[in-house]
Amino acid sequence: MAEKKKPAALRSVQWFGRQDIYGFIYRSWTKNRGIPQDQFDGRPVIGICNTYSELVPCNSHFRTIAEHVKAGVLEAGGFPLEFPVMSLGETLLRPTAMLYRNLASMDVEESIRANPLDGVVLLVGCDKTTPSLLMGASSVDLPTVAVSGGPMLSGKYRGTDIGSGTNTWSMSEELRAGKITLEEFHEAESCMHRSHGHCMTMGTASTMASMVEALGVGMPGNAAIPAVDARRNVLARMAGRRAVEMVKEKLSLSKILTKQAFENAIRVNAAIGGSTNAVIHLIAIARRIGVDLKLADWDRLGRGVHTLVNLMPSGKYLMEDFYYAGGLPAVIRELGENGKLHKGALTVNGRSLWDNNKDAPCWNRDVIHTFRKPFKKDTGIAVLRGNLCPDGAIVKPSAATPKLLKHRGRAVVFENIEDFHKRIDDPGLDIDAKCIMVLKNCGPKGFPGMAEVGNMPLPPKVLKKGITDMVRISDARMSGTAYGTVILHVAPEAAAGGALALVENGDMIELDVAKRRLQLLVTPRELAKRRAKWKQPKAPLPRGYWKLYFDHVLQAHEGADLDFLVGRSGAFVPRDNH
Ligand code: FES
């Protein structure tokens with residue numbers, strides 16, 4: 001009779017299972033808060049990677065979420081150990097949270113690998129906390145579940161709904177145009193963000209929470225349950241239980257994050273009118289886990305996908321409405337029924353994406369449209385090419401003015417964001433609604449950190465004529481809550497010597513989104529003359545993380561990761577001191 005194979009020991013047994021001085025050290029110090037001996041009997045140890053911080057208001061309820069994850073881990077026979085990692089808040093961090101996404105991912109990766117963990121639950125919420133934790137966890141590749149903190153309740157102002165970011169932009173333009181008072185502006189601040197949770201428009205946080213669900217790395221329902229709804233806590237608890245089971249099933253992250261999973265996520269992003277930031281983040285995550293995802297995949301997969309969700313900034317509703325209407329499961333079902341889904345993609349609950357969502361109901365077709373009668377047609381992210389962006393640039397047609405998607409205009413150039421702020425309100429600025437605003441030096445190296453300034457506010461002299469949109473081009477990003485005919489992520493960026501650096505006032509630029517073209521109408525000879533005069537900018541700080549970032553950051557089309565972080569090293573710790 002064949003000998004029964006012993007199950008492979010868990011990773012954590014290398015710490016807690018030792019019966020020598022080091023085992024004593026590992027266990028004894030851990031017992032100091034009342035952990036009984038039986039927790040070290042070889043049960044799965046689940047790390048709860050927490051981005052709680054009072055400096056990150058969107059994640060300020062994460063202590064409660066962590067308690068619910070812990071309860072789930074304990075119920076399933078695991079041993080939960082919560083740990084903090086660098087948390088990135090969109091509203092307070094300067095110069096931009098994106099500068100620190102890669103730094104936070106290093107913290108996550110090393111914290112997971114260096115500790116006695118068999119599986120991990122990632123608590124994510126505010127924009128950059130989702131990609132940074134997924135990037136770090138991908139480079140280790142343990143069984144992993146992500147739990148989003150959930151969106152805030154809808155903003156309520158003088159009888160109408162107002163949404164994070166989207167109405168911040170519109171109200172600040174109204175203030176600049178003299179249409180509302182400062183008192184009204186202040187009142188709106190108190191009305192917009194009135195509960196725990198992240199931005200409740202389909203901005204970057206809600207987009208990334210949707211990506212978590214679409215990728216299969218989160219539990220069904222992850223995208224939209226409001227932060228303060230009891231069902232968010234239930235989801236956290238179920239995630240804790242699943243993390244334990246996933247360790248037993250050896251269901252590591254790379255079995256979930258396949259090329260098919262990313263392709264599903266790209267189509268879901270088109271269907272929800274999701275943030276352009278998802279392009280950079282998904283490419284960065286894919287490159288960590290070892291999936292070959294390119295900018296061109298976004299264009300290819302987004303074609304023929306329609307926006308189904310009527311949510312700000314593309315539409316009028318908010319995440320709370322989205323959840324009550326059926327949430328992301330109803331969207332995934334529509335995609336699946338119309339041939340736009342890899343149905344067999346595996347998810348963290350052990351079932352396929354299709355099995356999870358094939359019977360999902362929709363309760364409100366004004367919020368979630370059908371594929372046959374979409375909210376907006378053919379609205380996947382368009383990837384542009386041309387002499388101005390040989391490595392690509394992107395535009396989100398669902399947030400743009402349709403008639404501006406084919407446009408030729410005179411460039412009005414701002415050399416950097418300071419130059420923009422200095423001149424934009426000048427009544428003498430030579431600009432009209434047909435011009436194309438060009439902003440340089442706001443890319444990964446140029447800002448540094450690739451700020452969300454691509455949706456430049458329009459000049460007051462244009463706003464006062466009732467014009468609300470102009471073509472804008474930059475190497476920057478745009479907040480997921482913003483809108484307009486905004487060409488973003490121009491690569492290579494100006495600070496890396498891209499053609500954007502060579503644009504001058506008065507140059508003509510031609511945009512044709514249907515043909516995916518963005519062309520600077522200047523002769524190659526003239527461009528060569530300008531290039532000969534161009535000087536590479538220096539790193540803004542000569543030391544520390546800023547220096548490391550400047551020297552190693554990749555361009556937008558490569559995910560803006562640091563070059564030496566691409567790929568994964570697994571969970572093995574190469575050297576043990578003991
Ligand atoms: Fe945190 Fe918008 S500021 S999600």
Side-chain angles (χ1 to χ4, degrees), residues 169-170 172-174 176-179 276 313-314 376 378-379 381-389 392-417 419-442 453-479 482-490 494 498-523 526-527 530:
W169 307 117
S170 63
S172 80
E173 302 246 306
E174 284 169 23
R176 290 173 69 238
K179 291 183 186 163
T276 47
S314 302
K376 292 189 180 183
D378 292 319
T379 47
I381 282 170
V383 177
L384 308 172
R385 306 273 175 186
N387 66 348
L388 194 47
C389 53
I394 61 164
V395 62
K396 181 178 169 184
S398 68
T401 303
K403 72 174 183 347
L404 287 177
L405 293 174
K406 184 170 166 47
H407 184 77
R408 179 194 274 234
R410 169 171 64 87
V412 176
V413 177
F414 302 96
E415 289 300 322
N416 51 43
I417 195 66
D419 183 36
F420 172 80
H421 288 313
K422 207 161 72 192
R423 293 166 50 219
I424 191 64
D425 290 340
D426 180 355
L429 183 66
D430 182 17
I431 194 166
D432 60 51
K434 285 193 186 145
C435 289
I436 294 183
M437 297 165 71
V438 176
L439 176 62
K440 302 177 183 177
N441 294 307
C442 290
V453 294
N455 55 314
M456 294 162 255
L458 305 191
K461 64 193 281 189
V462 171
L463 280 174
K464 280 180 183 150
K465 288 185 180 153
I467 309 279
T468 54
D469 195 11
M470 288 171 65
V471 176
R472 289 158 270 180
I473 300 174
S474 73
D475 46 14
R477 295 177 302 119
M478 167 173 93
S479 163
Y483 46 84
T485 311
V486 184
I487 316 302
L488 302 157
H489 308 185
V490 167
L500 188 68
L502 311 179
V503 185
E504 292 184 359
N505 278 315
D507 288 350
M508 294 303 288
I509 296 176
E510 194 166 62
L511 167 70
D512 188 337
V513 174
K515 291 197 175 139
R516 303 297 195 257
R517 297 292 294 166
L518 180 63
Q519 201 70 10
L520 176 62
L521 304 178
V522 173
T523 62
E526 172 61 20
L527 287 177
R530 293 181 193 178

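Computed from heavy atoms alone, side chains included, the values below leave out hydrogens, waters and symmetry copies.
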Look at the side chain of [X] and the backbone N and O of [Y], then say whether any donor-acceptor pair between them is shorter than 3.5 Å.
{"X": "R423", "Y": "F420", "value": "no"}
{"X": "N455", "Y": "Y483", "value": "no"}
{"X": "R385", "Y": "V383", "value": "no"}
{"X": "N505", "Y": "V413", "value": "yes"}
{"X": "H407", "Y": "M470", "value": "no"}
{"X": "K440", "Y": "A501", "value": "yes"}

E526: which residues meet the side-chain contact (heavy atoms from CB on, under 4.5 Å) condition with it, sequence neighbours left out?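 Residues passing side-chain contact (heavy atoms from CB on, under 4.5 Å) with E526: V522, T523, K529, R530.
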
Result block: side-chain N/O donor-acceptor pairs under 3.5 angstrom for residues 456-465, not counting sequence neighbours:
residue : atom : partner : partner atom : Å
K461    : NZ   : P427    : O            : 3.3
K461    : NZ   : L429    : O            : 2.6

Within the structure provided, determine whether [X] and [Y] are in side-chain contact (heavy-atom separation under 4.5 Å).
{"X": "V471", "Y": "I509", "value": "no"}
{"X": "W169", "Y": "P313", "value": "no"}
{"X": "T468", "Y": "T401", "value": "no"}
{"X": "D425", "Y": "R176", "value": "yes"}
{"X": "D419", "Y": "N441", "value": "no"}
{"X": "R410", "Y": "D430", "value": "yes"}

Using the side-chain contact (heavy atoms from CB on, under 4.5 Å) rule, pick out the option among K515, R517, R408 that qualifies with E510.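 It is R408, the one option of K515, R517, R408 that forms the side-chain contact (heavy atoms from CB on, under 4.5 Å) with E510.
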
Nearest 0.5 angstrom please: [X] [atom1] to [Y] [atom2], how far?
{"X": "I487", "Y": "L405", "atom1": "CD1", "atom2": "CG", "answer": "8.0 Å"}
{"X": "L488", "Y": "I473", "atom1": "CG", "atom2": "CD1", "answer": "10.0 Å"}
{"X": "T276", "Y": "R477", "atom1": "OG1", "atom2": "CZ", "answer": "8.5 Å"}
{"X": "L520", "Y": "E504", "atom1": "CG", "atom2": "CD", "answer": "9.5 Å"}
{"X": "Q519", "Y": "C389", "atom1": "CD", "atom2": "SG", "answer": "8.5 Å"}
{"X": "R472", "Y": "M478", "atom1": "CZ", "atom2": "CE", "answer": "8.5 Å"}

I need the minimum non-hydrogen distance between [X] and [Y], along with the two atoms involved.
{"X": "L404", "Y": "L511", "result": "O-CD2, 3.6 Å"}
{"X": "D469", "Y": "G484", "result": "OD1-CA, 3.5 Å"}
{"X": "G454", "Y": "S474", "result": "CA-OG, 3.6 Å"}
{"X": "C435", "Y": "I431", "result": "CB-CG1, 3.9 Å"}

